[in-house]
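Structure, as structure tokens:
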Amino acid sequence: MDVSELHSRFEAMRAASRAQADTPLLLRRERLLRLQKLLQDNEARLCASVQADFGQRSARVTTLTELLPLHSQLRQALGALRRWAAPRPEATPWHFWPARAWVQAMPLGVVGVIAPWNYPLLLSLGPLVSALAAGNRVIIKPSEYTPETMHLLAELVPSYFADDEVGLLAGDAGASAELASLPLDHLLFTGSAATGRKVALAAANQLVPTTLELGGKSPCLLEQSCDIQDAARKIAHAKLLNAGQTCIAPDYVLLPRGSAAAFVEAYAQAVQHMYPQQQGNPDYTSVIHAAHASRVLGMLAQAEQAGAQVIRLQSGGAEVSQSRIGDGISRQLAPALVLGVSAQMQLMQEEIFGPVLPVLQYDDREEAIAAINQGEIPLALYWFGQDRRQGRDVAQRVRAAGMCMNDCLLQFAHGSLPFGGWGKSGWGALHGYHGFMRFSHAKPVLRQGTWSAAKWLYPPYGRRFDGLMRWLSRSFMR
């Protein structure tokens, strides 16, 4: 659908959700199975659409980073749906006896999803898994920067879902703004902090609750005890997967002073092993469009002009300049390490979202911990070391929305862990039961027994009431 149909489709969805306050589990399950079938029937077409949008992104990368996680989320939801939706008993204080209480998860109603371009399938359809499991109706707005994927989903969704179940809104940023202005029951936005601020303001005008997944500068903290070869290999993989266009990609590295040379050598070896050449390599993803490639190259140039040392790990092709960015091959930017960066450089002011990794050194781990805590709260923190006590210390003391020890990205891939931001990196958590509850209302229910002591607290008040209140007060203060 396009913007001209949006309001009528939303009204139809809202009317249907009001007419059926709860959604039977069999219907929720059947909707999830239809989404599963959509993916199974159209895997090749979906991979091809993503490839066309990026200019160069292997179907293997799309399968690994998008389709497999979607199937995993679907399998988990289908297996756990009955347990997630079951009323959760709550202990009842003795002074309410014989009452019984529980929490009932109820569908919110109509949920909006504004998805980004970097993982156009996973971040459009992943929230759909949680929202459908919770019994909602959903309107998805994919990014206009991945038009082939957006139009393919707009073609496929109506073949598997009724108009009042799931809608796919095609269009530009104006369509996203229109969706954000609707009186939805919940709105999820994934993208930049600047756009997220606008989305949150638009939703606030309608008192629409939001979930924002925004990103930020996710650090890697390496201890003296870490295996630098192992850490560099894992960081290189996480950084260069999807050419660094991942909201939880490592954004900079903090190393003990004196270990930079060893890290640079190990990182370069890892890059050479995984991507012996970049340009023309189907395993190495292109930067999404020319403007974003120019932004990344501009950040590198600004850092170099300010005195930083830029180490370009170029192989198998000529270096790309800002004046020569056209097709997907030329947008396969060479990985780069940057040493000698300062806090004033653009590389350290903004999320990089590309295959460039600043390397900083610290003299004391307390200095490194303080440096991370003084910045905005990152979406991810990566810690490498062999001393588990130090790892637990960092987990307890460093502010980060999520953390992974001795690896990268896996905290997102773990389907039962909540994934979400904190502070400037967003708010609200998704995945598994946490995503199910994010798109549910936890409705408290109390059932009173035939006989209730509460009647002793009814007026008219007198000596019996005063005595009962004194007794209750003493009981509560014990």
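Fair warning: this is a prediction, and the values are worked out from it, not measured in the lab.
Salt-bridge check for Arg9 with Asp164: failed, with every basic side-chain N at 4.0 Å or more from each acidic carboxylate O.
When atom types are taken as modelled, the side chain of Lys217 and the backbone of Leu347 share a donor-acceptor pair closer than 3.5 angstrom. Asp185 contributes a side-chain N or O that, together with a main-chain N or O of Val110, makes up a donor-acceptor pair within less than 3.5 Å. The backbone N or O of Leu169 lies less than 3.5 Å from no partner atom in the side chain of Asp2, so there is not a single donor-acceptor pair. Between the Asp251 side chain and the Ile352 main chain, a donor and an acceptor come within less than 3.5 Å of each other.
For Phe419 and His414, the ring centers sit 6.0 Å or farther from each other. Remark: aromatic rings of Tyr461 and Trp456 are distant, center separation not under 6.0 Å.
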Item to check | Evaluation steps, ring-ring contact (aromatic ring centres under 6.0 Å, His included), between His292 and Tyr145 | outcome: CA-CA 11 Å; His292 187 50; Tyr145 290 121; 9.3 Å; no

Next on the checklist: Determine whether Asp230 and Lys234 satisfy the following criterion, salt bridge (Lys or Arg N to Asp or Glu O under 4.0 Å), listing intermediate values before the conclusion.
Outcome noted: CA-CA 6 Å; Asp230 180 68; Lys234 291 172 177 175; 3.0 Å; yes

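Inspection of the Tyr119 and Thr246 side chains reveals an N or O donor paired with an N or O acceptor under 3.5 Å. Thr62 and Arg57 share a side-chain donor-acceptor pair at under 3.5 Å. A donor-acceptor contact under 3.5 angstrom links the side chains of Asp53 and Thr149, judged on distance only. Of the N and O atoms on the side chains of Thr211 and His186, at least one donor lies less than 3.5 Å from an acceptor on the other residue.
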